[in-house]
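For ligands, and for the atoms within them, numbers begin at 1 and follow the listed sequence. If you read the sequence from its start, that first residue is 1, and numbering goes on from there.
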Amino acid sequence: MSEIRVGQGWDTHRLAPGRPLILGGVTVPSEFGLEGHSDADVLAHAITDAILGAAALGDIGMHFPDSDPRWKGCDSLVFLRHAKDLAEAQGYRIVNVDSTVILERPKLKDYREAMRDKIAATLGLAPGRVSVKFKTAEQMGPVGEHRSAESQALVTLATENPA
Ligand code: C5P
Ligand code: MG
């Protein structure tokens with residue numbers, strides 16, 4: 001009997017001038033980017049946590065502590081791929097990914113397909129299984145004041161051998 005499991009992920013990073021804005025592995029032209037120990041790809045981090053959550057395998061900081069110099073400036077697609085590999089080793093396959101980036105500016109919609117393609121390739125999925133959505137925070141709170149970005153993700157996993 002097959003089983004479906006759902007995982008949820010959330011992340012936030014500060015915006016700072018002169019940092020690259022990397023979302024879903026795609027560099028978006030912007031004067032402000034995200035601060036963090038790794039490349040601060042808030043979207044990749046949320047999806048990584050959603051995969052780990054669906055498989056009950058802990059969280060991103062457990063597998064990639066930000067105190068570890070190995071992960072300084074790291075491409076966060078490495079984390080995403082590792083979460084997929086861990087889930088697959090437990091007998092799960094990813095069914096779909098749905099995600100939202102909340103960022104006041106710049107507009108991201110022109111980069112949607114590039115992000116979907118990059119995330120899908122990293123996870124070995126068809127792009128049709130990966131959704132990336134964008135919202136502003138309507139000028140409210142730290143995201144709306146252009147001080148930070150957030151991302152949320154849901155992932156479903158399927159297994160033929162439920163634990
Ligand atoms: O937040 P709001 O509802 O005003 O966003 C309207 C649309 O603008 C979104 O559906 C999304 O397609 C786009 N958007 C974007 N980049 C952002 C925020 C929103 O492309 N940073
Ligand atoms: Mg993060």
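- Residues Thr159 and Arg93 have side chains not in contact (no heavy-atom distance under 4.5 Å, counting atoms from C-beta outward).
- The aromatic ring centres of Phe32 and His146 sit less than 6.0 Å apart.
- Between Lys109 and ligand 1, at least one N/O pair is under 3.5 Å apart.
- At the top of the distance list for atom 10 (O) of ligand 1, counting protein heavy atoms only, stands Phe134 O, 3.6 Å.
- There is a protein heavy atom less than 4.0 angstrom from atom 18 (C) of ligand 1.
- One side chain, Lys133 or Thr100, offers a donor N or O that lies under 3.5 Å from an acceptor on the other.
- Its N, O or S atom nearest to the Mg ion (ligand 2) is what matters here, and for His13 that atom is NE2.
- Two different hydrophobic clusters hold Val26 and Ile102 under the rule that ILVMFWY side chains link at heavy-atom gaps under 4.5 Å.
- Geometrically, ligand 1 and Glu104 share no nitrogen or oxygen pair separated by less than 3.5 Å.
- Within a 6.0 Å radius of CD in Glu160, other residues, nucleotides and ligands contribute more than 12 heavy atoms.
- Taking 4.5 Å as the limit, some side-chain heavy atom of Leu23 sits within range of a side-chain heavy atom of Val42.
- When hydrogens are left out, the protein atom nearest atom 16 (N) of ligand 1 is Leu108 N, 2.9 Å; that is the closest non-hydrogen contact.
- Taking atom 8 (O) of ligand 1 as the reference point, the nearest protein heavy-atom neighbour is Lys107 NZ, 3.4 Å.
- Taking the six-membered ring for Trp, Phe64 and His82 have ring centres closer than 6.0 Å.
- Ligand 1 has no atom lying under 4.0 Å from any heavy atom of Lys133.
- Side-chain contact annotation: His45 with Ser76, donor-acceptor N/O pair under 3.5 Å present.
- Atoms of ligand 1 lying under 4.0 Å from any heavy atom of Glu138, numbered from 1 in the order shown and given with element: 4 (O).
- In this structure, the side chains of Val155 and Asp98 stay at 4.5 Å or more apart for every pair of heavy atoms.
- When hydrogens are left out, the protein atom nearest atom 3 (O) of ligand 1 is Lys135 NZ, 2.7 Å; that is the closest non-hydrogen contact.
- For residue Asp11, an N/O/S atom approaches the Mg ion (ligand 2) to within less than 2.8 Å.
- Among protein heavy atoms, the minimum distance from atom 21 (N) of ligand 1 is reached at Leu103 O, 2.9 Å.
- The closest protein non-hydrogen atom to atom 12 (O) of ligand 1 is Arg112 NH2, 3.7 Å.
- Take the N/O/S atoms of His45: the one nearest the Mg ion (ligand 2) is ND1.
- Under the 4.0 Å criterion applied to side-chain N and carboxylate O atoms, Asp66 and Lys72 are not assigned as salt-bridge partners.
- Neither the backbone nor the side chain of Ala137 has any atom closer than 4.0 Å to an atom of ligand 1 (non-hydrogen atoms only).
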